[in-house]
Amino acid sequence: MKKNLIFRLFMPMILFTLFHSCIHDETLITSNPNSKEYINKSLWKEDEKYIKNVMKIYQDNEPEIKKSNGTPYWNYATTIDRFNESFLMVPVVENGKVVSVLQVPRHQDKVYFIYTSSDDDISFFQNLFSSKLKKIMDTKMSDEASKLTCTTKVYSVWYPDNESNPDPSSGSGHWGTYHVTNCTFSQAEACLGVVGPNGECLEGGGGGYNYPIGGGSNNNPPDPPNPCDKLKTQTSNITFKNSITSLEGKTNDSYESGYRIGTNSDGTLQNQLLQNKPGTQQVDLKAFSNTITLMHSHYDGLYPMFSPGDIIFFNQWIVWAQNWNSVPKNMPKIPLNNLTFTLVTSNGNYSFSFDGTSTTPLPNYTEQELVDLDNKYIQMLDNAKTIANVSGSVSYNMEKLEKQFLKFMGDKMNMSGLKLFRTANGGNTELSLNTNGTLKQTNCP
């Protein structure tokens, strides 16, 4: 008798502990999708600032954004353990069923709305709405050589064998596990539109929508300085000037030389001499997350202008920096609009800069395509070459060579956001082509 009494007194404590560690969520019907007030009904702590901001952007632009039947249920949005206003997933519901999932990544001051229809994602949110007993599992993280980071949210739902006895402590049944995963550099983020169940890109998503910088202040950052001012900041510092002077003394060598300028944590500049690729006359160009300037020389005998290989490298550097900035990490962002790539020759010095907007990777050239590029490059730049009959020495009409190079870039290796400058102690000059194909020279103050 005493034993049974103790058991009856102890049972409520067991049930209280069980239900305290699990979650009994409301049914889907109790959620009002048209409410403009966000109430977190996720099982986890979420980045509510980002959810509220994205929710308002969607409501203000719904006719343009909406590409699927159903209504987003913002109260159930999850930011997948991100708290830097960078990503969320929200279920889209029609007639009580999840029909798709809307993903919203943020890149700098733009957000993009992407509709996906993965079975796992739909099951995750559909079962999140159920009134069955639920328990949270540990969030899973993966990191493959720092190139691909995935976060997986996991929870379990109790399915009793007998609905009249739904208590896991006394009735039989099983736990069903559901998960949703987001990986950096996913197909969805590359598509920016509608993504099919197998990851196929079905529709483009346009240019994105302005995100309120500063947590809803609606104040976007001020316009960046113009290209001339940005380059002047780079080329006028003493570290840059000393490196240029050093390379100008190496153009008579039989190999390339170079420097890499980066920023230290205290804001000072570091300068490193680049090594040559083993067994070659080419400098080994490498950029890191703190690199702001790379420069190298072309010795006499090479064309006094960036080569196709140089252009491919700068494109890869910019694309890598863009990808770096899109990954949440405890590391400073790379200042895209300040990256500079400089060439030093005995016929003058040139710099590429980037205007800070988005660019796309150049193709993965085959060996034959690289040969064809080099041949086209040589053919166009040879038009600016003069060879002395007696001595055999070579000279160049540099303005003609600049024009031919810009034409080659436009025809064969076009890269949006790229700007070419002629750099000198007396000031820099932006080079471009007029609509009639003539050289346009804009002096920088």
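The residues of the chain are indexed from 1 along the displayed sequence.
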List the steps, then state whether salt bridge (charged side-chain N to carboxylate O under 4.0 Å, His left out) holds for D372 with K376. CA-CA 6 Å; D372 293 342; K376 183 66 175 178; over 6 Å; no
I want to check something: taking the side chain as every heavy atom from C-beta on, are T78 and E46 in contact at a cut-off of under 4.5 Å? yes
F306 ring center within less than 6.0 Å of F314 ring center: no
Stepwise, does the salt bridge (charged side-chain N to carboxylate O under 4.0 Å, His left out) test hold for K232 with D229? CA-CA 5 Å; K232 184 177 180 180; D229 290 342; over 6 Å; no
Indicate whether the side chain of N347 and that of T345 have a donor and an acceptor atom separated by less than 3.5 Å. no
Donor-acceptor pair, side chain of D121 and main chain of V101, under 3.5 angstrom: no
Exactly one of T291, T293, L294, I318 clears side-chain contact (heavy atoms from CB on, under 4.5 Å) with L339, and that residue is I318
Could you tell me if the side chain of I244 sits less than 4.5 Å from the side chain of T342, heavy atoms only? yes
Let's go through M413 and L373 carefully: what are the C-alpha distance in whole Å and the side-chain angles of both, what is the deciding distance for side-chain contact (heavy atoms from CB on, under 4.5 Å) to 0.1 Å, and is it a yes or a no? CA-CA 9 Å; M413 305 186 75; L373 272 178; 4.0 Å; yes
I want to know whether H296 and Y259 have ring centres closer than 6.0 Å. no
Taking atom types as modelled, find out whether S346 and D300 have a side-chain donor-acceptor pair closer than 3.5 angstrom. yes
Ring centers of Y58, Y209 separated by less than 6.0 Å: no
Taking atom types as modelled and ignoring hydrogens, do the side chains of N210 and K110 form a donor-acceptor contact shorter than 3.5 angstrom? yes
Evaluate the side-chain proximity of L274 to D284: yes if any heavy-atom separation is below 4.5 Å, no if none is. no
Quick one: does N237's side chain get under 4.5 Å of L269's, heavy atoms only? yes
Any F87 side-chain heavy atom under 4.5 Å of E85 side chain: no
Test applied, side-chain contact (heavy atoms from CB on, under 4.5 Å); reference residue, E256; option that passes from K277, H298, Q281: H298
For Y73 together with F125, are the ring centres under 6.0 Å from each other? no
For the residue pair N349 and E248, confirm or rule out a side-chain donor-acceptor distance under 3.5 Å. yes
So that I know where these two stand, are F421 and Y350 an aromatic pair - ring centroids less than 6.0 Å apart? no
Any chance the rings of F83 and Y50 have centres within less than 6.0 Å? no
Quick check: closest heavy atoms across P304 and L343, and the distance to 0.1 Å? C-CD2, 4.2 Å
With side chains defined as the heavy atoms from C-beta onward, is the minimum distance between T423 and L231 less than 4.5 Å? yes
Are side-chain heavy atoms of Y377 and M305 found at a separation under 4.5 Å? yes
Is the backbone of D47 close enough, under 3.5 Å, to the side chain of T79 for a donor and an acceptor to pair up by distance? yes
Answer yes if the side chains of D120 and S118 hold a donor-acceptor pair under 3.5 Å, and no otherwise. no
